[in-house]
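Take a look at the structure below.
By convention in this document, chain letters (A, B, ...) are assigned in the order of the sequence lines, proteins followed by strands, and residues within each chain are numbered from 1. Since the structure is predicted, the reported quantities are computational estimates derived from the model, not experimental observations.
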Amino acid sequence: MPWRRTADPYQIWISEVMLQQTRVDTVIPYYKRFVEKFPTLHDLADADEEILLKQWEGLGYYSRARNLQAGVREVAENYGGKVPASRKEISALKGVGPYTAGAVLSIAYGLPEHAVDGNVMRVLSRILLIDEDIAKPKTRKIFEEAVTGLISHEDPSAFNQGLMELGALICTPTSPKCLLCPVREHCSAFLEGRQQELPVKTKAKNTKAVNYAMVAIRNGESFLMEKRSSKGLLANMWQFPMLEFPVGIDGAEIEELLSEQFKGTIVKAEKITSFKHVFSHLTWNVDGFIAEGVNLEIPDNMKWVDSAEMELLPIAGPVQKMKTALKSRGDV
DNA sequence: TACTCGTGGAC
DNA sequence: TGTCCAAGAGT
């Protein structure tokens, strides 16, 4: 992993934020591009948010990027650009929670601080036979205290990483490879044959669905793009204008609704694609349209962009799918 | 506390 | 094809 070849706390911090809820193989190319684009803490502190989000595009959980930059700016202003080396101070930075604090402190500074993630809770739930529900926030404290009592003061970095690595490669969620496990003789669950029962984890609730019409409005060589709200889902990302509407809306209805909304003329609305996009807790069912618009009054959060400018705007999954449909038709 | 916040790989 | 889920944090 490329972030294990640096001792720079700033770069290790980046890697740990990217790794939140995200697989190692997914993070690697993003990490490489990111540290090349923003090699020092001050490069990121000075970066334009749109450039930053473009670098993060496709990685998901975009508030991580903004929080990381906010944290980096705090370090630049309040700590002279040096990432603080105490749990109290580093935990106060935006986007740095209990796990990330412990990971940076142990890996970058060699401090004996716990770094409890999903791997660690799974591994220790088996080794120590802990049957508390790991889906509940308060349960993490049990594991933090366990790690604090176990952690090597000789090499805290290797200890924390080793525990996570064990979880990722051997002590997996389903069918753990106990016969390959170097600590199976110390594992209470293995000794009792109960490794499949642990960890106890209540399952998440079902996701709900929302239906949208997404409309690529063209005027000459330009398309109308809209910047999303600075809060909530896909904050500050760009998209084609959308209407929340029951699936089944047709071109004529699109023309009527949008002509009214933009106090102009929308014509030739034609459905070009239809797809589903699944988020963590939400599903979008999208009908994608292309249309032509003239004499439109557009709000401040929208602008006309040509194909080259469109490439510079950070866009998320559903809009990528729409863009792919447009490209296959030669529209962009 | 419970819910919000993306994406893609594994089964 | 659906489900789970992965090195979590903010609100």
Q: May I ask you to say what A:R4 touches in the nucleic acid, namely base, sugar-phosphate or nothing, with a heavy-atom cut-off under 4.0 Å?
A: base
Q) Given a cutoff of under 4.5 Å between side-chain heavy atoms of I, L, V, M, F, W and Y, with clusters grown through shared members, what are the other residues clustered with A:I254? A) A:V215, A:I217, A:L224, A:L243, A:F245, A:I249, A:L257, A:L258, A:F262, A:I266, A:F289, A:L296, A:I298, A:M302, A:W304
Under 3.5 Å between N/O atoms: give me all the protein pairs with nucleotides 8-11 of chain B, atom names plus distance.
unit_1	atom_1	unit_2	atom_2	d
B:dG8	N2	A:R23	NH1	2.7

Q: Tell me what A:L59 touches on the nucleic acid: a base, only sugar-phosphate, or nothing, going by heavy atoms under 4.0 Å.
A: base
Q.
Through direct or indirect side-chain contacts below 4.5 angstrom among Ile, Leu, Val, Met, Phe, Trp and Tyr, which residues connect to A:Y99?
A. A:V116, A:V120, A:M121, A:V123, A:L124, A:I127, A:L128, A:I130, A:I134, A:I142, A:F143, A:V147, A:L150, A:I151, A:F159, A:L163, A:M164, A:L166, A:L169, A:I170, A:L180, A:V183
(Q) What contact category does A:N160 fall into here, base, sugar-phosphate, or nothing, at under 4.0 angstrom with non-hydrogen atoms? (A) nothing
**Q.** Atom P, compared across C:dA6 and B:dC5: separation rounded to whole Å
**A.** 22 Å
(Q) Is the distance between the ring centroids of A:F279 and A:H281 under 6.0 Å? (A) no
Q: Choose from B:dG6, B:dT7, C:dA6 the nucleotide whose nearest atom is closest to any side-chain atom of A:L233.
A: B:dG6
Q. Between A:W56 and A:Y61, is the ring centre distance below 6.0 Å?
A. no
Q. Which nucleotide in the list C:dG8, C:dG10, C:dA6 gets nearest to the side chain of A:D117?
A. C:dG8
Q: May I ask you to check whether over 12 heavy atoms, not counting those of A:E221, lie within 6.0 Å of atom CD?
A: no
Q. What nucleic acid atoms does A:M121 come within less than 4.0 Å of, heavy atoms only: base, sugar-phosphate, or nothing?
A. nothing
Q) Quick one: which of B:dT4, B:dT1, B:dG6 gets closest to the side chain of A:K138? A) B:dT1
Q. What about A:S280: does its side chain form a donor-acceptor pair under 3.5 Å with the base of B:dG6?
A. yes
Q. So among A:K177, A:Q195, A:R126, A:E165, which one has a side chain to side chain contact (heavy atoms under 4.5 Å, CB included) with A:C171?
A. A:R126
**Q.** Out of B:dT1, B:dT4, B:dT7, whichever nucleotide has its closest atom nearest the side chain of A:H281
**A.** B:dT4
Q | A:K276 vs A:P173, nearer the 5' end of DNA chain C by closest nucleotide | A | A:K276
